[in-house]
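Below is one structure, written out as structure tokens; comments come after it.
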Amino acid sequence: MLFIQAPALSWLANPLYWYSCKFFVQKKYKFSITSAFCSIIVGFTGIISTYWFALFNGNSPDNQLLVIKLLPGFWLWLAAPAFVMIIISGFAYWKYRNRLERKSVKLR
């Protein structure tokens, strides 16, 4: 991450994921959904870029890591913000629906 390599930027998805959790607890659903979606995009594009750009492994420039296939750990890591985004969308829809019901009751 210190050398600003394209694949290392996928680690920036983790703070975005934690911000989405923080916004969810604060009941700021729009910000939470947005940051969870950005977390998914940043994480996926960063990992996919490792197919084209090798990561340095150790001190020697001859030691490099290149992704050959994506294992279940990656998909679980990427599923966490997706799961949070789905849950938050449900909460936001439920809040919006209740607001509409209260407005319709006041109009009667």
Side-chain angles (χ1 to χ4, degrees):
M1 182 80 174
L2 295 175
F3 300 108
I4 310 297
Q5 299 173 359
L9 294 178
S10 65
W11 285 102
L12 294 176
N14 294 330
L16 289 170
Y17 169 67
W18 289 110
Y19 275 123
S20 71
C21 293
K22 177 186 168 226
F23 288 136
F24 174 66
V25 170
Q26 294 175 346
K27 296 182 181 178
K28 297 178 181 178
Y29 299 128
K30 290 180 183 178
F31 292 120
S32 183
I33 291 171
T34 304
S35 61
F37 183 72
C38 290
S39 173
I40 292 168
I41 297 300
V42 168
F44 193 72
T45 55
I47 292 296
I48 294 301
S49 69
T50 59
Y51 282 109
W52 296 285
F53 305 106
L55 283 172
F56 293 110
N57 184 19
N59 294 331
S60 172
D62 298 329
N63 265 347
Q64 294 184 348
L65 294 173
L66 189 62
V67 173
I68 297 170
K69 65 179 182 176
L70 299 175
L71 298 175
F74 166 75
W75 296 110
L76 287 173
W77 174 71
L78 197 63
F83 181 69
V84 168
M85 191 170 72
I86 291 168
I87 297 293
I88 295 165
S89 298
F91 272 93
Y93 174 74
W94 179 71
K95 182 179 174 183
Y96 177 73
R97 190 183 69 183
N98 285 344
R99 188 181 312 152
L100 286 178
E101 287 176 0
R102 279 187 266 138
K103 284 183 180 179
S104 67
V105 170
K106 288 181 182 178
L107 293 176
R108 292 183 189 173

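One-based numbering along the sequence shown.
Nearest heavy atoms, Met85 versus Ile33: SD-O, 3.9 Å. Annotation for Trp77 and Ala13: closest pair CZ2-CB, 4.0 Å, computed over non-hydrogen atoms. Contact detail for Ile41 and Thr45: the closest heavy-atom pair is O-OG1, 2.8 Å. Taking every heavy atom of both residues into account, Lys27 and Lys95 meet most closely at O-NZ, 4.3 Å. Pairing each heavy atom of Ala92 with each of Tyr29, the nearest pair is CB-CB, 3.9 Å. Of all heavy-atom pairs between Phe23 and Ser35, the closest is CD1-OG, 4.1 Å.
Grouping the Ile, Leu, Val, Met, Phe, Trp and Tyr side chains by contacts below 4.5 angstrom, directly or via other members, places Tyr19 with Phe31. The same ILVMFWY cluster, assembled from side-chain heavy atoms under 4.5 Å apart, contains both Val84 and Trp75. Hydrophobic clustering (ILVMFWY, side-chain heavy atoms < 4.5 Å, transitive): Ile87 and Phe37 are in one cluster. No chain of hydrophobic side-chain contacts below 4.5 Å, direct or via other Ile, Leu, Val, Met, Phe, Trp or Tyr residues, connects Ile86 to Phe83.
Using bins of under 30°, 30° to 60° and over 60° for the plane-to-plane angle, the ring pair Phe74/Phe44 lands in the tilted bin.
With Ser39 as reference, Leu16 is the one residue of Leu78, Asn14, Leu12, Leu16 to meet the side-chain contact (heavy atoms from CB on, under 4.5 Å) rule.
Between the side chain of Ser32 and the backbone N or O of Lys28, no donor-acceptor pair lies under 3.5 Å.
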